[in-house]
Amino acid sequence: MLPAIQISADKFVGPENGPYNPEDFVERCTIQRNASGAEFDPSPLLAVFEATINSLQELKMEVGQQITDLESDVGLEETNAQGEVLRINPMARQAQDALADLSGGMKEVSHKIAHIGNMLENKHHARKRAIRARTVMEHFDAFHSEGELLPPFCDLEPDLHQCAEIIQQLDFICAQLPAENFGKTTARIKKKFAEAEMELLAQFDKASVAGDLDQMRRHAHTLFPFESYQRCVDKFIERFIAQHSSEFSIPNRGADFNSATINKVTAAIEATAIKAKSTINDVFMYPQQIVAQFLQEIMKTVQFKFIKVVLVPHDEYLDRLHSTYVQTKELLERLTKDLALDDQSGLFQENLLRKLFDEYLGSTYISMEEDSLREQYAELVKEVGLAARSARPSFRVKDEQAAGARLSKTTKPSKKEKRARGHTNTASNAVDEQSGLTPMDQFNDGTLLSQDVALSMIHENKRALSRCQVLGKPTELPSLAKRIFFTLLGGLGEDCVQRGLDFGTSVLRGKGPIEVTIKYLDLVHNANSIVYLLQKHFWDTVLPLVRPMINEYQECVMHKGTVLQQMEVLISEGLSQCIKTAIGHCATTLFKAQKKVDFCPPEDSTTFMTETCTDACQQTTAILKRVATSLKGSLNGKNEEAAFAELGRRFYDTIVHHFRSLGINEMGTMLLIRDISEYEKCVQTFQNPTCNELLEHIREASSVLLVPAENVRQLCDETRMSKVPPELLHMFARLRIDYKHSVAQYFIVDRAEKP
């Protein structure tokens, strides 16, 4: 028989074992049973279950009783707490009301105390003033009675500051009294006043030398009401700058300068000013005014001395003046910021700058700018072989129509104007010392009117204008800019461009080879480019400066317009001469190269079948093409259109005159038609309707040479012939071999005579 299982429910029931788990309990019992190795007997296990259930029920009842007791205790405590709160609330309200009453009472008391304090203070001040007035009157009585003075004046070592305070009040009283009754008293007080003032200054100087800031501050504050206070400030500033003079290291006059030297001087000035600001703040009342005065003094003594050393006569004087002014302005801006000076408007800096540079920025400045520009322009003009005129003749054209003439209406210069322009000026043939070239050499090289020289002149003009913007007064800037721009118009417009065009025109009149014409057109191209650069410089740089003053603006526009009109007149005259010369070469070529047999070949000749045009035609069209190419590269717009119209008209007259002298047979007619066609193709490259129309007239009129005699009248009556000049038809009719034996001549004559 198996032994009974000893399982106690206490192992599984109780607070220390946690919540009861039936499954866990059964599992434990099963494991214990299996561990014994006996046959399973459920009876002991059932007994254990029952005992455990009973234990759990008892535990439940015990815990329930505990919960009931705790709830009862908590309810009792809650009742007691509510009663205590009801008892305390009235007491708390009473305490709060008492605190409010106490606070109100304290405020009332504090106001009364403050009022009483103010009353006492006023009474104290009044009493103190009364005592002070009594003391002053006692001292005044002592001075007036000419007896022994009262302390502190009679002490062996009087209190200087107390004496100064009293004597200053006495001096103020004396100023209100009549001199006839209190003259001696006033004199004694004045004497003592001067002694006290001088003693204070001496003591301040002594403390300043010793570097005793406390004593300096005390003496300076005592001296503040005295008239000599400013002397005290001046002496301090003078001594402070003198003590640091060794730090400035200003070079000798005429020495070479570099950025390191300039930076060293400016750095020393900045460092000294910052040190002075610290001392002034510690010593003086109202230090900002004294700091501004110190800045003025150090700039007038140190920086002005440096300016005088730098601005000596020199090739780069104006550049030095500009750079020195800019550096001084930047130094002032930094010092104003570092010293915390109130100068939002910039008026303080502007006035100080003007005082420093007034000697250099007077009426002579702009004259120096003009003289410098003229010298530079003269050197640049020499580079292109044109000597600057010592006394430039006036190119002003009185006739407004002549001044505004264009290529379409060329105005011939009068003999007086020709003499003024100096077409035969021998100075223009002088050899340039630098390049070794005469104006003719440079004309042939295409460098007579160099754009590089023009750019250099404009660049120097811009530099002068930029200097004026910095150095000139804002109110005077338009006038300064106008004068500098006028210098450019004189140097570039009159001395360079106009003289170059004059020289080119004189070369054209020499009737040289066709290359001279081409070179002159290159000269015109350069002149137009220079005019464009001049206009751009005016609109971009000069106009913003002169626009604020309408008078200066109008003068600039009028003078610029006058100079440009003079250039256009010269260009117009030169182009007219150029076209005349080119057409002259064409006429000469036709005369020399056109053979009499060109249009009268033998009947068995096949020339008209192998040749496109005659040699004279080829040479003439080659000249025209070269001239046309140069014209297109030199002109544009209306000027180009007018030039080609003039060239086409003159060429038309030339070839018509040339055709009159020709002898033509039937086979030569085809060669002439080919020449005319080649001339027309050449003129079509002008892209000018007027020229095309003139050559079309020649081509249409040449049809008279191709039709039978009986059809000439019918041909001339056609609509397309209505625009052809009758004299041109008549001229081609006269070239026919059967002209004298046909009736066509009578028809053409009748047509030509019709109104």
Side-chain angles (χ1 to χ4, degrees), residues 9-22 24 52-138 152 159 161-162 165-166 168-169 213-218 220-222 224-225 277-289 291 339-342 344:
D10 296 338
K11 296 177 64 177
F12 304 99
V13 180
E16 67 277 2
N17 295 323
Y20 174 70
N21 189 347
D24 183 58
T52 302
I53 292 171
N54 294 332
S55 298
L56 292 173
Q57 289 177 349
E58 293 175 0
L59 180 62
K60 178 180 179 183
M61 293 177 64
E62 183 179 354
V63 171
Q65 184 62 39
Q66 292 177 358
I67 293 172
T68 302
D69 295 341
L70 289 173
E71 288 178 349
S72 177
D73 294 340
V74 169
L76 182 61
E77 290 292 335
E78 183 180 0
T79 302
N80 294 335
Q82 290 177 353
E84 188 69 17
V85 169
L86 293 175
R87 184 181 67 81
I88 291 175
N89 277 341
M91 298 173 61
R93 283 195 294 271
Q94 292 178 1
Q96 187 174 3
D97 294 340
L99 180 62
D101 295 340
L102 180 61
S103 176
M106 290 178 64
K107 287 183 179 180
E108 184 178 358
V109 171
S110 64
H111 286 312
K112 291 181 178 180
I113 292 174
H115 179 66
I116 293 172
N118 291 334
M119 293 177 63
L120 291 175
E121 185 177 3
N122 293 335
K123 294 293 184 180
H124 174 71
H125 286 319
R127 182 173 179 276
K128 189 175 180 180
R129 287 195 298 270
I131 293 173
R132 187 183 299 113
R134 180 180 177 182
T135 302
V136 171
M137 293 308 298
E138 289 175 351
D159 186 348
H161 301 281
Q162 185 180 0
E165 182 181 359
I166 295 172
Q168 190 216 357
Q169 295 175 359
L213 296 181
D214 294 334
Q215 289 298 320
M216 291 172 64
R217 183 187 311 109
R218 187 180 181 191
H221 287 193
T222 305
F224 182 73
K277 179 193 175 185
S278 176
T279 304
I280 291 170
N281 288 338
D282 292 339
V283 172
F284 295 100
M285 299 173 66
Y286 305 104
Q288 190 168 11
Q289 298 178 1
V291 170
L339 301 180
L341 296 178
D342 186 12
Q344 296 181 358

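Residue numbers count from 1 along this sequence. Side-chain atoms are counted along with the backbone in the values below, which use heavy atoms only and exclude waters and symmetry mates.
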* Structure fact -> d(Asp73 CG, Thr68 OG1) to nearest 0.5 Å is 11.0 Å
* Asked: Looking at Phe284 and His221, what are the two nearest heavy atoms and their distance?
  -> C-NE2, 4.2 Å
* Interatomic spacing from CE in Met106 to CG in Leu99 - rounded to 0.5 Å -> 9.5 Å
* Considering residues at least two apart in sequence or located in another chain, which fulfil the side-chain contact (heavy atoms from CB on, under 4.5 Å) criterion with Asn80? -> Leu76
* Write down the atom of Ala340, the atom of Lys277, and the distance for their closest heavy-atom approach. => CB-NZ, 3.9 Å
* At what distance, to the nearest 0.5 angstrom, does CG of Asn89 lie from CD of Glu84? -> 10.5 Å
* **Atom pair OG (Ser72) and CD (Glu77), whose distance is rounded to the nearest 0.5 Å** => 10.5 Å
* To do: Give a yes or no on whether Gln96 atom CD has more than 12 heavy-atom contacts from other residues, nucleotides or ligands under 6.0 Å away.
  => no
* To do: Just do the side chain to side chain contact (heavy atoms under 4.5 Å, CB included) check on Gln57 and Met61 with the steps written out, would you?
  => CA-CA 6 Å; Gln57 289 177 349; Met61 293 177 64; 5.7 Å; no
* To do: Work out which heavy atom in Asn281 is nearest to a heavy atom in Pro287; give both atom names and the distance.
  => OD1-CB, 3.2 Å
* Asked: How would you list, by chain and number, every residue that makes a side-chain contact (heavy atoms from CB on, under 4.5 Å) with Asp282, sequence neighbours excluded?
  -> Leu213, Arg217, Ser278
* Name all pairs fulfilling the salt bridge (charged side-chain N to carboxylate O under 4.0 Å, His left out) condition that reach into residues 57-69, sequence neighbours left out, sorted by first residue then second. => none
* Backbone of Arg218 reached by a side-chain donor or acceptor of Thr222 within 3.5 Å -> yes
